[in-house]
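Report on one structure; see the data block that follows.
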Amino acid sequence: MIIKKPSIFIYTNDADEDFLREICAGIEEEGVFYEVIPRENANLDTLAFEAAKDSMMGSGIGIKYVDAALQMRGIPKGRNVEVYHMPTYEQCRKLGANSARAIKKMPFK
């Protein structure tokens with residue numbers, strides 16, 4: 001029997017490794033689990049929407065190339081909570097932290 005931990009899902013498509021590392025660090029700082037799952041041929045909105053929909057916690061992140069988006073379950077596709085094109089490392093870390101803070105019902109950074 002495989003038991004999965006409740007996690008924030010991060011769906012990626014050719015993601016920039018540095019951006020991914022910083023986003024994961026932001027989530028870790030908030031003490032929440034995450035899973036990175038590679039996906040093929042999907043746009044940023046689809047990655048973020050599907051990640052939020054599939055996550056038990058309802059928070060998902062999509063990363064495509066140098067773009068990143070935070071999405072929450074129940075919000076329509078394309079209406080992301082946060083979206084960045086070529087974010088700074090500080091913005092990446094904030095995006096990760098905010099995805100965790102959303103599920104913990106804490107104010108965003």
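Atom set for the values below is all heavy atoms of this structure, side chains included, hydrogens, waters and symmetry mates excluded. In this text, all values refer to a predicted model and were calculated from it rather than measured experimentally.
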For the residue pair [Y] / [X], report whether a side-chain donor-acceptor contact shorter than 3.5 Å exists.
X   : Y   : result
D18 : Y89 : yes
T12 : K64 : no
N98 : E82 : yes
N41 : N13 : no

> For the residue pair G62 and L47, what are the closest heavy atoms and their distance?
Replying inline: CA-CB, 3.8 Å
> If you take all heavy atoms of E29 and K109, which pair is closest and at what distance?
Replying inline: OE1-NZ, 4.0 Å
> Are T46 and R39 side-chain neighbours, meaning at least one heavy-atom pair lies under 4.5 Å?
Replying inline: no
>> For a 4.5 angstrom cut-off between non-hydrogen side-chain atoms, does D16 reach Y65?
In response: no
For [X], I'd like to know if atom [atom1] has over 12 heavy atoms of other residues, nucleotides or ligands within 6.0 Å.
X   : atom1 : answer
F33 : CZ    : no
E35 : CD    : yes
M86 : CE    : no

> What is the distance from atom CD1 of I63 to atom CG of L44, rounded to the nearest 0.5 Å?
Replying inline: 9.0 Å
> Would a distance-only check, ignoring hydrogens and angles, find a side-chain to backbone donor-acceptor pair under 3.5 Å from S7 to K5?
Replying inline: yes
>> Out of the candidates L20, V36, I23, only one should pair with I61 under the side chain to side chain contact (heavy atoms under 4.5 Å, CB included) rule; please name it.
In response: I23
